[in-house]
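These numbers were taken from a predicted model, which means no experiment stands behind them. Chain naming here is simple, since letters A, B, ... match the order of the sequence lines and numbering starts at 1 in each.
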Amino acid sequence: MDRALAHSTNYRLVLYWLLGLAIGSVLLSQLPLPHTFTVVLIFVAATVKAWLVVWYFMHLRFEHMLIPALILTPMLAFAILLLVLYPDIAWR
Amino acid sequence: MHGTAQSDIHPAPSSFLRRCVFSTDHKVIGRQYLGIALAWALLGGLTALLIRWQLAWPGTPLPGSDLLSADFWEGESWLARSLAHGSIESEFYNKLFTMHGTIMVFFVAMPLLLGAFGNFLVPLMVGARDMAFPRLNMLSVWTLVVASIVMLVSIFVPGGAASAGWTAYPPLSTVAQYNSPNWGQNLWLLAVAIEFASFLMGGVNLLTTVINLRAPGMTYFRLPIVVWFQGIAAILFMFSVGPLIAGAVMMLLDRLVGTGFYTPSMGGEPLVWQHLFWFFGHPEVYVIMLPGLGLALDVFAVFCRKPLYGYRVIIWASIVAGALSFIVWAHHMYLSGMDPRLAMPFSITTILISVPFAVMMFAMIATLWGASITFATPMLLALGTLLIFLLGGLTGIFLGSAPMDIYLHDTHFVVGHFHYTLFSAVFFGGFAGIYYWFPKMFGRLLDERLGKIHFWLTFIFFNAVFLPMHVVGLSGMIRRIGDPTLYAFLKPWQPANVFITVCAIFLTVGQLVFVVNFFWSRMFGQRASDNPWQSTTLEWGTSSPPPHHNYDTLPVVVRGPYEYSVPDSPQDYLPQAQAVVAGPTGRA
Amino acid sequence: MQHSPVTQPVVAPPMASPVPSGKLGMWWFLSSEIVTFGGLISCYLVARLLHPSWADSSQQLNVLVATLNTIVLLVSSWTIVMAHDAVEHGDVQQAKPWLGYTILGGLLFLLIKSAEWSGKFEHGILPWSNGFWSFYFAMTGLHALHVLGGVVINVALWIAAVRGRLQPIAHRVEYAGLYWHFVDVVWIFLFPLLYLA
């Protein structure tokens with residue numbers, strides 16, 4: 001299978017980044033910083049971690065366009081639900 | 001791996017158990033789904049009759065009640081505890097409309113349209129030997145059997161069946177003091193959750209099959225509309241059911257563990273359920289609608305001897321409708337107490353969604369235009385689908401507009417609307433499919449005369465039942481009330497309710513014609529050739545019924561699905577996988 | 001009996017997508033799971049915004065233990081991709097220890113989670129204590145059920161490897177890996193959502 005030759009992902013390096021971001025998020029949350037700033041950074045970190053797992057571990061970088069479409073469409077549905085729930089529930 | 005295994009023909013299993021009960025053959029599984037759907041339809045129809053009895057003659061004991069002794073009615077049997085001396089009381093009425101909706105949507109419509117026709121037709125129509133995951137397919141149908149058993153059990157447990165409506169809004173559905181069925185409601189939730197799992201598995205199977213198992217030459221735009229609509233419906237289901245599963249988990253926890261997801265005093269919010277339910281509920285109606293319409297569309301092409309007008313436009317319209325279906329759901333919630341500012345955007349999107357469906361209707365009409373129509377039973381039923389859906393869609397436009405819906409919400413106008421739209425897909429579309437594909441499924445033809453009688457009885461009495469409902473609804477008769485005569489302003493409309501009930505009884509009797517036809521034709525019907533309808537799609541290129549492996553040699557597709565009356569062709573129709581004809585003497 | 005098949009040579013390319021059926025099926029399943037967890041998470045998000053006081057309950061969570069759990073799950077995600085890598089390079093036997101580590105990781109996660117839960121119960125914190133706890137137990141519970149499911153799948157593959165019968169179904173290591181990574185990604189979001197925000 002030529003994929004074995006094509007990808008030379010250093011999985012261990014990805015793991016180190018994942019662990020680093022995780023521990024970094026925890027440390028950041030313990031610091032006396034403005035709450036919103038911390039939360040935003042933590043979620044950015046979480047998104048990066050998720051992207052690392054999906055792109056490298058789940059091999060999205062090698063997959064046909066169909067697979068990203070399968071991920072993005074339900075995320076759009078999730079965003080729509082959130083967008084409508086928010087004004088109806090959170091603004092009361 | 002990409003379908004190369006398809007070229008091997010595995011021998012059919014020999015034991016009865018592996019052939020007919022625990023089969024991985026999509027054709028057997030499709031017939032099993034058909035059996036499950038039709039069996040549940042009997043119970044769903046019974047609940048409808050009981051509802052109509054109560055609405056026409058509130059408090060009157062059911063016929064035959066006096067045959068049972070007074071002692072019986074004082075007793076502890078399930079029947080005695082459900083009915084008060086044979087008459088339907090309000091608690092039982094609540095169970096009736098709850099179970100009617102639940103059964104019809106989850107145990108009739110979906111098993112019939114997606115389970116039976118999706119499973120039976122899709123592998124044949126794409127030119128494959130079976131679904132992508134045959135064993136998963138077997139698991140799906142048996143999961144539905146488990147769900148069915150749980151739902152049946154829920155009817156007979158102490159406290160009886162669920163009674164919070166098929167929509168199960170909290171707090172009625174979560175607070176014990178408001179809602180007497182305890183285990184009935186819990187098992188209802190469990191049964192519906194198991195049913196969702198069954199169809200999720202089915203959806204995975206169907207979509208992988210359509211994407212990966214198409215025969216050589218079968219490009220996406222050579223697929224019959226049936227396959228397209230099944231695929232889009234599966235996608236809608238897959239992407240919409242998740243939030244409701246989450247919501248059902250929360251409701252089960254509220255009921256069983258005492259959490260407060262939907263309890264305001266514990267920081268919860270009942271409206272969240274409505275959002276989650278309808279986020280699924282609206283795409284769900286298109287999950288039911290599209291396969292039914294798809295069946296009717298294929299039948300149209302065959303009996304008009306014309307290609308479907310606007311094949312690609314129909315496909316694009318259904319994709320647009322599917323996408324829009326995710327942003328219309330709050331039109332079920334205009335009166336729920338949600339943020340009123342949401343009413344306008346959802347009115348706009350709801351009215352917009354009528355456009356793609358109108359496009360499909362025009363395409364169907366254009367197909368009829370100038371066509372050489374054969375009015376066989378499948379075609380009559382397909383025409384019925386068109387007409388009934390048209391009426392249902394028109395009333396939907398009124399309901400989609402928030403100002404009108406403020407008046408019409410929860411009246412029988414809504415009941416009329418959704419019966420027109422759902423009946424058109426499930427019964428007219430579904431029956432069109434049954435009459436048309438019966439020879440392929442069972443090797444015999446359904447009797448044409450009985451079929452026409454069945455159609456006319458259904459068509460006439462369906463309209464007689466549901467058209468007046470719009471009028472009584474407009475006059476203020478609300479839904480889910482067991483005794484309309486309790487309201488003085490509704491008393492003048494009671495004759496209408498009686499009329500509707502009498503017609504409903506005739507409508508039910510009309511279905512007996514089909515039941516007789518079905519069983520008689522299974523045994524004594526005229527044997528069907530490979531292609532009794534002279535149709536072009538792949539499934540008609542193999543025997544009726546097909547062998548276990550579907551095709552002796554996998555077809556190679558050379559043309560689109562609706563090559564009827566092709567100009568300058570010596571043949572009336574060109575099957576999809578047939579060789580290109582080489583001149584006046586060329587024969588199939 | 002069918003009509004005579006195509007008699008003249010027709011150029012008909014294979015129609016399947018480049019994605020093998022098993023993998024495609026798994027991705028379709030995962031896409032439905034995205035909306036399932038997404039639904040639960042959206043409900044939590046809006047409820048949390050409505051109830052800022054839930055931050056007090058969140059303070060009672062043990063961030064250290066959860067961080068340990070996060071590390072365990074991330075490492076197990078790595079071990080299963082190493083199992084897949086072994087299969088890709090033709091060394092199916094090597095997949096066995098990597099699968100083993102992944103299973104251990106999953107079991108350790110569940111163990112730590114149960115310890116966390118029992119700790120809460122002992123302190124009188126129950127799912128019905130307040131809205132935050134309802135969501136906490138529901139979300140981590142649903143996630144834990146998915147972890148358990150993943151462990152079962154991985155065990156099935158590991159047993160096949162132990163019996164020397166992994167080769168014919170070796171491609172399924174990748175599909176099991178996809179599921180496992182998904183469960184990991186859900187936790188990647190649940191952890192900050194519940195413990196850090």
Less than 3.5 Å apart, any donor N or O on the side chain of C:T70 or C:W187 sitting next to an acceptor on the other? yes
Which answer fits B:T219, side chain, backbone, both or neither, if we ask what part of it has an atom under 4.5 Å from a heavy atom of chain C? both
Which answer fits B:L200, side chain, backbone, both or neither, if we ask what part of it has an atom under 4.5 Å from a heavy atom of chain C? side chain
Aromatic B:Y220 / basic B:R214 pairing, under 6.0 angstrom, 45° off normal: yes
Using non-hydrogen atoms only, which part of B:F133 is less than 4.5 Å away from chain C: side chain, backbone, both, or neither? side chain
Side chain from CB out, backbone as N, CA, C, O: work out which of these in B:V272 comes under 4.5 Å of a heavy atom of chain C, or both, or neither. side chain
What option among C:A47, C:S31, C:S42 has the most heavy-atom pairs under 4.5 Å with chain B? C:S31
Check: B:L139 and B:R135 side chains under 4.5 Å, non-hydrogen atoms: no
Less than 4.5 Å to any heavy atom of chain C: does that hold for the side chain of B:A215, its backbone, both, or neither? backbone
Turns out that what part of C:F135 lies under 4.5 Å from chain B's heavy atoms comes down to both
Check whether B:M201 gets within reach of chain C through its side chain, its backbone, both or neither, counting any heavy atom under 4.5 Å. neither
Any side-chain heavy atom of B:F261 sitting closer than 4.5 Å to one from B:E269? no
Most heavy-atom pairs under 4.5 Å with chain B, out of C:G39, C:G25, C:G131, belong to C:G25
When only pairs under 4.5 Å are counted, which of C:T36, C:L40, C:N130, C:L142 shares the most heavy-atom pairs with chain B? C:T36
From the list C:W180, C:F37, C:F182, ring pair (Phe, Tyr, Trp, His ring centres under 6.0 Å) partner of C:H146 resolves to C:F37
Counting C-beta onward and ignoring hydrogens, is there a side-chain heavy-atom pair between B:W273 and B:L244 closer than 4.5 Å? yes
Check whether any side-chain heavy atom of C:W78 sits under 4.5 Å from a side-chain heavy atom of C:W98, and report yes or no. yes
